[in-house]
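Sequence lines set the chain letters: A, B, ... in the order given, protein chains first and strands last, and positions in each chain run from 1.
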Amino acid sequence: MLDLKLMQNAPEVVREALDKRNSKIDVQEFTDLDDKRKALIAEVESLKAEQNKVGPEIAKRKKAGQDASDLLKRMGEVSGRVKELDRELAEVEKAEKDWMMAVPNIPHASVPVGVSEEDNPVLRYWGEKPAFDFAPKEHWEIGTALGGLDFECAAKLAGARFSISFGWCARLERALAQFMLDTQTGERGYTEVIPPFIVNKATMTGTGQLPKFEEDLFKLTDERELYLIPTAEVPLTNIYAGEVIPEEKLPVKFCAQTPCFRSEAGSYGKDTKGLIRQHQFYKVEMVNFAHPDHSYEALEDMTRSAERILEKLNLPYRTITLCTGDMGFGAAKTYDIEVWLPGQDKYREISSCSNCEDFQARRANIKFQPKDSKKKLFVHTLNGSGLAVGRCLVAVIENYQQADGSIVIPEALRPYMGGLEVVKAE
RNA sequence: GGAGAAGUGGCCGAGUUGGCUGAAGGCGCACGCCUGCUAAGCGUGUUAUGGGCGUAAAACUCAUACGAGGGUUCAAAUCCCUCCUUCUCCGCCA
């Protein structure tokens with residue numbers, strides 16, 4: 001959510017930001033609502049002030065045994081009017097809040113302006129693409145041939161966009177997740193967390209999934225209005241919802257491996273084969289709570305934490321800066337890391353690291369107490385994948401495939417695989 | 001699942017014949033005074049959000065907030081209803 005004061009004092013700044021994002025949201029709607037709200041507040045508050053003044057007078061008269069019927073009559077009218085106005089005000093406030101909740105974050109000044117992913121500049125490349133003296137296959141072909149993946153079985157159990165892994169493949173995925181967690185906690189200063197995988201509406205609203213993107217979520221059908229998390233960003237960021245973090249604790253860095261559940265509504269026909277786009281996948285997620293003065297350093301640090309995983313696995317990647325038109329709803333700046341997939345002959349997203357500045361902190365009311373002032377301020381929140389486990393499994397299979405259909409296990413993972421060096425056909 | 005108890009400010013804790021309690025008292029914290037040092041003591045202050053006014057900021061003023069939402073009433077922390085959370089006992093269970 002944007003700052004109300006900014007909306008009121010500098011609507012043109014917001015309009016400009018929305019233009020850069022190709023958003024059609026009309027800022028004038030807000031201004032009209034806000035004017036109406038202020039007018040209602042002025043009226044209802046003066047009536048309430050009268051109530052507060054006259055109330056004790058009534059009590060005094062009653063105690064003294066005097067007649068107060070004139071005051072009671074007047075206050076009866078005032079009370080009725082106050083109820084009316086309160087109702088009206090609540091409506092306007094809700095409309096205004098709804099409007100605010102649907103507005104995306106303002107891009108940071110350093111974010112390149114652009115319309116689509118075509119306009120995302122590459123920041124850096126790392127690693128050498130593996131050279132094959134044969135035509136590299138896609139992961140699903142290799143994995144299925146080696147008995148590790150079975151998409152027909154998954155479809156029988158759950159439907160399209162699900163997977164099931166067996167044996168070496170299941171273990172490899174577990175190894176990857178564990179390797180990532182060990183790296184982030186052991187070398188990058190993260191505290192490991194196991195959060196709930198099901199959360200309530202308020203939590204989903206705090207990070208921005210609701211109210212706008214409900215169709216992307218899996219919702220439970222009972223009356224409690226619970227949702228399956230689409231990313232651990234949601235529970236991790238909301239750990240401090242409604243809380244004040246002492247300044248000296250910043251930055252707080254959490255990471256967690258969780259399953260992620262996404263409805264993938266609207267992605268029909270995209271990535272229908274293999275593990276790339278699933279309704280359920282594991283991801284190791286990083287979340288930072290940073291001091292506003294240092295959040296962009298934190299973004300660089302977080303991006304490095306994600307990149308380190310690929311470097312240790314010796315997987316080639318490139319890092320790009322998302323342009324204004326391609327950024328997510330809550331982000332002020334985002335780096336995507338794309339890993340090389342020889343089977344697809346393409347770089348594919350494997351991590352997305354964003355600084356949301358105070359956008360989520362304002363929604364979820366996450367503040368810190370600066371040492372040198374009484375005023376509590378909003379923290380900046382960041383989130384990033386470190387990494388998407390399923391896609392990383394894809395990258396390992398495709399980059400480490402051999403001519404005979406076997407897969408070499410990256411050295412960094414061998415301790416997690418009981419020393420296994422190669423996965424071969426039986 | 002059954003039976004009870006409770007939810008007030010950073011914390012503890014008053015408040016229960018509805019009105020003068022944003023909220024006594026205590027602790028903590030901040031600033032000042034006092035003091036050979038420490039401890040103790042004295043004084044002052046100590047919430048958030050929104051509106052008005054206005055500003056570099058503040059000050060001032062009004063409104064709202066006693067788990068959440070709704071109701072009764074001229075008026076609710078105080079009465080009624082629903083929900084949430086926590087705790088205790090019984091049952092059940094990985």
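- Across all strands, E50(A) comes closer than 4.0 Å to no nucleic acid atom at all (heavy-atom distances).
- As the counterpart of rG4(B), rC87(B) is assigned, both hydrogen-bonding distances of the Watson-Crick or G-U wobble pattern falling under 3.5 Å.
- Within 4.0 Å of R37(A), counting heavy atoms only, lie sugar-phosphate atoms of the nucleic acid but no base atom.
- Comparing the C1' positions of rC29(B) and rC12(B) gives a spacing of 15 Å, expressed to the nearest Å.
- Among the heavy atoms of the strands, none lies under 4.0 Å from K60(A).
- When the P atom is compared between rG67(B) and rG7(B), the two are found 8 Å apart, to the nearest whole Å.
- Here rA65(B) presents its C1' atom at 14 Å from CG of N365(A), a figure rounded to the nearest Å.
- The minimum heavy-atom distance between S263(A) and E215(A), with the atom names listed, is OG-O, 2.6 Å.
- Of the candidates rU64(B), rG51(B), rC20(B), rU64(B) carries the atom nearest the N52(A) side chain, counting heavy atoms from C-beta on.
- In this structure, the CG atom of L72(A) is 16 Å from the P atom of rG19(B), given to the nearest Å.
- The pairing partner recorded for rC79(B) is rG71(B), the criterion being a Watson-Crick or G-U wobble arrangement whose two distances lie under 3.5 angstrom.
- Residues L71(A) and A59(A) each lie close to RNA chain B; by heavy-atom proximity, the contact nearer the 5' end of the strand is made by A59(A).
- The partner of rA40(B) cannot be assigned: no Watson-Crick or G-U wobble pair with both contacts below 3.5 Å exists in any strand.
- rG52(B) and rA57(B): their P atoms are spaced 16 Å apart (whole Å).
- Separating the NZ atom in K219(A) from the CE atom in M204(A) is a distance of 11.0 Å, to the nearest 0.5 Å.
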- request: Please report the C-alpha distance between R61(A) and L71(A) in whole Å, then the side-chain angles of each, then the deciding distance to 0.1 Å, and finally whether the side-chain contact (heavy atoms from CB on, under 4.5 Å) criterion is met.
  value: CA-CA 10 Å; R61(A) 284 209 204 166; L71(A) 294 180; 3.7 Å; yes
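- Of the options E357(A), M302(A), K333(A), a side chain to side chain contact (heavy atoms under 4.5 Å, CB included) to L382(A) is made by M302(A) and by none of the others.
- Counting atom types as modelled, E45(A) pairs a side-chain N or O with a base atom of rG50(B) as donor and acceptor under 3.5 Å.
- Comment: R304(A) does not engage E300(A) in a salt bridge, judged by the lack of any side-chain N to carboxylate O separation of less than 4.0 angstrom.
- Taking all atoms of both residues into account, the shortest heavy-atom contact from G343(A) to E398(A) is N-OE1, 2.8 Å.
- Taking atom CG of residue N9(A) and atom P of nucleotide rG54(B), one finds them 14 Å apart after rounding to whole Å.
- Taking atom CG of L47(A) as the reference point, atom P of rA75(B) lies 13 Å away to the nearest angstrom.
- Between K48(A) atom NZ and rA76(B) atom P there is a gap of 10 Å when expressed in whole angstrom units.
- Across rA6(B) and rU16(B), the matching C1' atoms stand 15 Å from one another, rounded to whole Å.
- At the heavy-atom level, K5(A) lies under 4.0 Å from the strands shown only through sugar-phosphate atoms.
- Partner assigned to rG9(B) is none, using Watson-Crick or G-U wobble distances below 3.5 angstrom.
- The partner of rU21(B) is absent, by the rule that a Watson-Crick or G-U pair needs both atom distances under 3.5 Å.
- When both pairing distances are held under 3.5 Å, rA56(B) makes no Watson-Crick or G-U pair with any nucleotide shown.
- At whole-Å resolution of the value, CG in L85(A) and P in rG51(B) are 17 Å apart.
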message: The test is salt bridge (Lys or Arg N to Asp or Glu O under 4.0 Å); show your working for D26(A) and R15(A) and say whether it passes.
response: CA-CA 8 Å; D26(A) 182 7; R15(A) 181 174 302 148; 5.2 Å; no
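- Between the P atoms of rA23(B) and rU85(B), the separation comes to 32 Å (whole Å).
- rU17(B) and rA77(B) are spaced 15 Å apart, taking the P atom of each and rounding to whole Å.
- Going from the C1' atom of rA76(B) to that of rG18(B) covers 6 Å, rounded to whole Å.
- Where K63(A) and Q51(A) each meet RNA chain B at their nearest nucleotide, the meeting point lying more 5' is that of K63(A).
- For S79(A), a side-chain nitrogen or oxygen approaches OP1 or OP2 of rA75(B) to under 4.0 Å.
- Side-chain proximity of M75(A) to rA48(B), rC20(B), rC74(B): nearest is rC74(B).
- Using cut-offs of 30° and 60° for the angle between ring planes, the F329(A) and F359(A) rings count as perpendicular.
- When the C1' atom of rG50(B) is taken as reference, atom NZ of K38(A) falls 10 Å away, rounded to whole Å.
- With rC62(B), rG51(B), rC74(B) as the choices, the nucleotide that has an atom nearest any side-chain atom of A49(A) turns out to be rC62(B).
- With rG51(B), rG19(B), rA75(B) as the choices, the nucleotide that has an atom nearest any side-chain atom of Q8(A) turns out to be rG51(B).
- Within 4.0 Å (heavy atoms only), K73(A) reaches no atom of the nucleic acid at all.
- Across all strands shown, rC62(B) is found opposite rG50(B) as a Watson-Crick or G-U wobble partner, with both distances under 3.5 Å.
- Rounded to a whole angstrom, the distance from the C1' atom of rU72(B) to that of rG19(B) is 16 Å.
- Of all nucleotides present, only rC29(B) satisfies the Watson-Crick or G-U wobble test against rG45(B), with each distance under 3.5 Å.
- Here I41(A) lies in heavy-atom contact (under 4.0 Å) with sugar-phosphate atoms only.
- In terms of phosphate contacts, K201(A) brings no side-chain nitrogen or oxygen within less than 4.0 Å of OP1 or OP2 of rC84(B).
- Comparing atom distances between the K83(A) side chain and each of rG51(B), rA48(B), rU72(B) picks out rU72(B) as nearest.
- Straight-line distance from the CZ atom of R74(A) to the C1' atom of rA75(B): 15 Å, rounded to whole Å.
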